[in-house]
Amino acid sequence: MMREQDRIKSGTIAVISDIQRYCVHDGPGLRTTVFFKGCPLRCKWCHNPETFRMMPEIIYDQDACIGCGKCAEVCKSDAIYISDEKLITDRLKCTDCGECAKVCPSEARRLIGKFYTVDELREIVSRDLVFYMNSGGGVTLSGGEVTLQSIFAEQLIISLKEDDIHITIETCGYASTENFRRVILPADLILFDIKHPNADMHREYTGVDDKLIRQNLRDAVDKGKKIIVRYPLIPGVNNSTREIETMGNFCKAAGIEEIHLMPFHQAGETKWEGLDKDYSFKNQQGISLEEITKTANILTDFGFMVSVGGSGQ
């Protein structure tokens, strides 16, 4: 495992949690979105908790499990056992080797995260080159947080640019200046996530301070990058009129022209359960259409171009 970690650090390989083709919400046109594994934030509402850790890990879907017990038979760490007629994973013992996923007939256990080289990823995403060109699309590097694997990401972008592929980066902005610039400078479009306009609340709900994020947003603007701010609209967290106006004022001062609202919905609950993580937003209802419209109107009055759901157009 240490050898793989050294190769990740050097940019020889990257850990990718998913590759989704024909996407229409992660930038203009038809796109392939590559999800990098690993994230410095711990947003309590996150839809993709499987991207928190950088290294591959096992996710378990209890509803898909048929109880055959093959996973327990092959587990060399004795991390899987039966309790109350259910198969339980001891995460402290589990080494995420993936042997249980290989023998699971119902795919209830899956290993999330795969190692790729630049050439391997380029071959995969270039399969749809004709669709990118005909639709004005391209490739989006998302996550997790792509800047955590910045050396690899930069090499991938440079490689894809040889085919004139449009590159979009989705980032939370929490990265060193060096790593941030390495990824955003060669890209065509930056989808920049702003989680909360209040520093204390940002720290409470994401686990990190927002000073570096604000600094990197201003830096990207100063570098002349095309930027769209993405704002997750989370009920009871960042959707009050005061918070929306504070966010609007900050974005206006930073020189942002376009904001995409990303309304909360229950998309990650089963993933949190499958990773044996506590999900504090389990019973949270979504945002009403009335609330979304109200928020969009506030930001439109600031002079922003506002979209709901994201597209990059």
Side-chain angles (χ1 to χ4, degrees), residues 36 38-49 51-54 142-148 150 169-184 190-223 225 227-265 268 272 277-281 284 287 291-292 294-304 306 308 310:
F36 282 68
C39 184
L41 273 59
R42 292 294 181 268
C43 300
K44 294 183 179 181
W45 60 81
C46 184
H47 294 166
N48 299 308
T51 63
F52 285 175
R53 290 177 53 198
M54 185 177 292
S142 185
E145 176 52 43
V146 61
T147 58
L148 284 182
S150 64
I169 302 297
E170 182 173 13
T171 178
C172 71
Y174 193 82
S176 69
T177 301
E178 180 183 9
N179 288 344
F180 183 72
R181 289 179 178 177
R182 183 181 285 134
V183 175
I184 66 109
I190 314 301
L191 302 178
F192 199 109
D193 297 341
I194 297 293
K195 310 294 187 180
H196 204 291
N198 178 276
D200 292 335
M201 296 294 284
H202 190 283
R203 189 180 301 106
E204 177 181 346
Y205 282 100
T206 71
V208 304
D209 186 86
D210 69 343
K211 182 178 180 180
L212 185 58
I213 294 170
R214 290 170 178 262
Q215 174 184 310
N216 281 331
L217 178 61
R218 294 189 185 98
D219 185 55
V221 172
D222 290 343
K223 291 293 186 292
K225 303 306 297 184
I227 302 168
I228 298 174
V229 162
R230 285 190 161 187
Y231 189 72
L233 203 56
I234 313 299
V237 175
N238 63 0
N239 65 319
S240 72
T241 298
R242 180 178 180 180
E243 288 161 337
I244 299 302
E245 290 177 343
T246 300
M247 191 269 291
N249 281 320
F250 167 69
C251 289
K252 198 71 175 178
I256 298 302
E257 298 179 351
E258 186 170 355
I259 296 176
H260 289 177
L261 298 175
M262 315 299 288
F264 173 83
H265 57 280
W272 285 80
K277 297 180 182 292
D278 293 329
Y279 183 44
S280 57
F281 280 74
Q284 178 64 61
I287 294 280
E291 183 79 11
I292 295 171
K294 175 184 175 182
T295 302
N297 288 338
I298 292 173
L299 294 173
T300 299
D301 288 342
F302 272 88
F304 297 114
V306 180
V308 179

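Counting from 1, the numbers follow the sequence of the chain as shown. Please read all numbers here as calculations on a predicted model, not as lab measurements.
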Chemist: Could you check if a side-chain atom of T246 sits within less than 4.5 angstrom of a side-chain atom of E243, using non-hydrogen atoms only?
Modeler: no
Chemist: P40 and C172: which non-hydrogen atoms are nearest, and at how many Å?
Modeler: CG-SG, 4.2 Å
Chemist: Looking at CD1 of I227 and CD1 of I259, how far apart are the two atoms once the value is rounded to the nearest 0.5 Å?
Modeler: 12.0 Å
Chemist: Determine whether a donor-acceptor pair (N or O, by modelled atom type, separation under 3.5 Å) exists between the side chain of N179 and the backbone of A175.
Modeler: no
Chemist: Does the side-chain contact (heavy atoms from CB on, under 4.5 Å) test come out yes or no for I228 and I190, once each step is laid out?
Modeler: CA-CA 6 Å; I228 298 174; I190 314 301; over 6 Å; no
Chemist: Looking only at non-hydrogen atoms, find the nearest pair between D209 and Y174 and report the distance.
Modeler: O-CE1, 3.5 Å
Chemist: Taking only residues two or more places apart in sequence, or in another chain, which ones meet D301 in a salt bridge (Lys or Arg N to Asp or Glu O under 4.0 Å)?
Modeler: none
Chemist: With side chains defined as the heavy atoms from C-beta onward, is the minimum distance between E170 and D193 less than 4.5 Å?
Modeler: yes
Chemist: Please report the closest heavy-atom contact between K195 and L41, naming both atoms and the distance.
Modeler: CE-CD2, 3.9 Å
Chemist: Take I169 and V146 through the test side-chain contact (heavy atoms from CB on, under 4.5 Å) and record every step on the way to the result.
Modeler: CA-CA 8 Å; I169 302 297; V146 61; 3.6 Å; yes
Chemist: Can you see which heavy atom on N198 is nearest to which on H196, and at what distance?
Modeler: N-ND1, 3.0 Å
Chemist: Does any non-hydrogen side-chain atom of L261 lie less than 4.5 Å from one of L299?
Modeler: yes
Chemist: Enter the distance from I287:CD1 to E291:CD here, rounded to the nearest 0.5 Å.
Modeler: 5.0 Å
Chemist: Where do F180 and T171 land on the side-chain contact (heavy atoms from CB on, under 4.5 Å) test, with the steps shown first?
Modeler: CA-CA 9 Å; F180 183 72; T171 178; 4.1 Å; yes
Chemist: Measure the spacing between CD of E257 and SG of C251 and express it to the nearest 0.5 Å.
Modeler: 12.0 Å
Chemist: Is there side-chain contact between P197 and Y231, with heavy atoms separated by less than 4.5 Å?
Modeler: yes
Chemist: Under 30°, 30 to 60°, or over 60°: which ring-plane class applies to F264 and H47, parallel, tilted or perpendicular?
Modeler: tilted
Chemist: So, does R42 use its side chain to make a donor-acceptor pair with the main chain of C39 at under 3.5 Å?
Modeler: yes
Chemist: Working to the nearest 0.5 Å, report the span between CE of M54 and CG of L148.
Modeler: 4.5 Å
Chemist: Between NZ of K44 and OG of S280, what distance do you get to the nearest 0.5 Å?
Modeler: 5.5 Å
Chemist: For K223, is the NZ atom crowded, meaning more than 12 foreign heavy atoms sit under 6.0 Å from it?
Modeler: yes
Chemist: Does any non-hydrogen side-chain atom of R218 lie less than 4.5 Å from one of F250?
Modeler: yes
Chemist: Between E258 and H260, do the side chains contain an N or O donor and an N or O acceptor separated by less than 3.5 Å?
Modeler: yes
Chemist: Under the criterion side chain to side chain contact (heavy atoms under 4.5 Å, CB included), which of V229, N238, I256 is the partner of I194?
Modeler: V229
Chemist: In terms of the angle between their ring planes, are W45 and Y205 parallel, tilted or perpendicular, with boundaries placed at 30° and 60°?
Modeler: tilted
Chemist: Any side-chain heavy atom of L233 within less than 4.5 Å of one from I244?
Modeler: yes
Chemist: Can we say D210 and R203 salt-bridge, meaning some charged N sits less than 4.0 Å from an Asp/Glu carboxylate O?
Modeler: no
Chemist: Working to the nearest 0.5 angstrom, can you tell me the gap between N216 CG and D222 CG?
Modeler: 11.0 Å
Chemist: Answer yes or no: is there a side-chain heavy-atom contact under 4.5 Å between E178 and R182?
Modeler: yes
Chemist: Can you name the closest pair of heavy atoms from K252 and G303 and give their distance?
Modeler: NZ-CA, 4.0 Å
Chemist: Any side-chain heavy atom of K294 within less than 4.5 Å of one from T241?
Modeler: yes
Chemist: Checking the side chain of T147 only, and the main-chain atoms of S150 only, is there a donor and an acceptor separated by less than 3.5 Å?
Modeler: no
Chemist: To check you understand the geometry: which heavy-atom pair defines the closest contact between L217 and A254, and what is its length?
Modeler: CD2-CB, 4.4 Å
